[in-house]
Peer 1: 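Before I ask anything, let me first share the structure, which is written out below as structure tokens.
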Amino acid sequence: MLFESIKMNTKYWEYPKNNLAVQIYNLSKIYNDEKQNFALENISLEIPAGSIFGLLGPNGAGKSTLINIISGVVLKTSGAVSIWGYDIDKKRKQSKLAIGVVPQELNIDAFFTPKEMLNLHSGMFSVPKSSWISDELLKLMDLTEKASTYSRKLSGGMRRRLLVAKAMVHSPPIIILDEPTAGVDVELRQKLWESFIKLNKEGVTIILTTHYLEEAEHLCDHIAIINKGKIIANEKKESLLTKFNEKIIKIKINKSDISEKDKLSLESIGKVKFSKTDIEINYKPDHVNMRSIIETLYKTKLDIKDLSTKEISLEDIFINLTRTN
Ligand code: ADP
Ligand code: MG
């Protein structure tokens with residue numbers, strides 16, 4: 001654990017009594033009073049201490065707004081937020097110290113080495129020199145070999161890991177990452193995931209935003225989905241994935257007139273969407289097997305031109321969720 005392996009004031013960051021890293025109650029945010037558009041509307045959310053919590057949502061959903069309020073960069077309009085048990089209005093300093101923020105931009109000063117940068121930053125955070133953990137953080141982020149290389153020579157992935165280390169110099173129990181792997185290629189992304197998992201194993205609560213379902217699936221143990229400023233799902237990963245255990249069959253037919261009887265047959269497979277000569281059926285592979293689907297289709301009078309299946313995408317999930325909510 002970080003709390004033991006790297007010199008840390010264990011008493012200060014003991015787990016909060018309710019074991020919640022972040023507690024959000026009826027939070028709203030309106031950026032522009034004139035328009036009265038909610039960037040966040042009455043959000044309540046609990047983020048368990050020790051978790052890797054994913055905030056998933058499409059562009060403009062309100063993810064950055066939410067984590068910027070949590071990290072104290074954006075002011076809320078109403079509601080209450082506690083970080084590690086500290087109310088952000090009443091205990092501003094403590095609540096801020098409980099968080100390390102990794103910015104989205106790779107803003108690294110090219111003329112410092114990673115080690116110098118971490119030392120400098122520790123000083124800026126008034127961490128006493130005897131408690132500097134630069135070497136430990138470089139090791140944790142797999143950057144020991146680059147400790148004395150000019151930062152401008154680091155690859156994109158290394159820079160990102162250095163920013164994570166930088167956010168950790170004051171040993172906060174929570175780290176926040178906004179779209180940490182946006183625009184990062186697949187290989188680097190996996191390396192970053194490994195670093196996050198390592199950090200989490202040290203006891204650090206990780207909160208990240210992403211619009212990659214795959215990322216949330218791989219990394220997070222809790223996932224909240226946010227859409228148009230509202231939380232539309234908030235569950236442990238396993239229960240969320242079971243919910244979304246769906247696939248889609250796409251059928252093209254030659255004639256658009258379908259008999260009522262055939263419609264009913266299709267609806268026995270799953271949720272059906274008709275549009276002219278295209279039919280889409282969302283079905284649960286756990287409940288309906290392919291053989292019975294083929295048999296059902298065979299018995300219809302549909303003049304089938306083409307048929308394909310695809311995995312449900314995050315977009316499909318959003319469409320489904322917003323339709324039923
Ligand atoms: P996400 O991070 O999920 O893409 P954001 O939190 O950035 O979403 O944005 C949520 C909504 O708030 C969007 O409609 C966006 O246009 C608006 N918004 C974000 N930041 C500002 C700002 N500084 N001023 C005005 N509107 C903003
Ligand atoms: Mg964002």
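Here the structure is a predicted model, which means the values were calculated and not measured. Counting starts at 1 for both ligands and their atoms, in listed order.
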Peer 1: Using 30° and 60° as the class limits, which term best fits the ring planes of Y15 and W84: parallel, tilted or perpendicular?
Peer 2: perpendicular
Peer 1: So if I count the atoms of ligand 1 from 1 in the order they appear, which ones are less than 4.0 Å from some heavy atom of P58?
Peer 2: 3 (O)
Peer 1: Nearest non-hydrogen atom to atom 2 (O) of ligand 1 belongs to which of S64, G229, G60, A39?
Peer 2: S64
Peer 1: Using protein heavy atoms only, decide if any is under 4.0 Å from atom 10 (C) of ligand 1.
Peer 2: yes
Peer 1: Report whether any nitrogen, oxygen or sulfur of T65 sits less than 2.8 Å from the Mg ion (ligand 2) (N, O or S, backbone or side chain).
Peer 2: no
Peer 1: Should you measure from each heavy atom of T65, which atoms of ligand 1 turn up under 4.0 Å away?
Peer 2: 5 (P), 6 (O), 9 (O), 10 (C)
Peer 1: Does the ring of Y31 carry K29 above it, NZ/CZ under 6.0 angstrom from centre and within 45° of its axis?
Peer 2: yes
Peer 1: Check each atom of ligand 1 against the heavy atoms of N59 and keep those under 4.0 Å away; list them by number with element.
Peer 2: 4 (O)
Peer 1: Any chain of hydrophobic side-chain contacts (each under 4.5 Å) joining I279 to I293?
Peer 2: yes
Peer 1: Just by modelled atom types, is the T113 backbone N or O under 3.5 Å from a matching donor or acceptor in the K146 side chain?
Peer 2: no
Peer 1: Any side-chain heavy atom of K96 sitting closer than 4.5 Å to one from I83?
Peer 2: no
Peer 1: Closest approach of I281 and G270, non-hydrogen atoms and distance?
Peer 2: CG2-N, 3.7 Å
Peer 1: Could you check whether atom 20 (N) of ligand 1 has a protein contact, counting only heavy atoms that fall below 4.0 angstrom?
Peer 2: yes
Peer 1: Between L162 and P114, what is the shortest heavy-atom contact and its length?
Peer 2: CD1-CB, 3.7 Å
Peer 1: Tell me the protein heavy atom at minimum distance from atom 18 (N) of ligand 1, and give that distance in Å.
Peer 2: Y31 CE1, 3.3 Å
Peer 1: Got the closest protein heavy atom to atom 8 (O) of ligand 1, with its distance?
Peer 2: G62 N, 3.1 Å
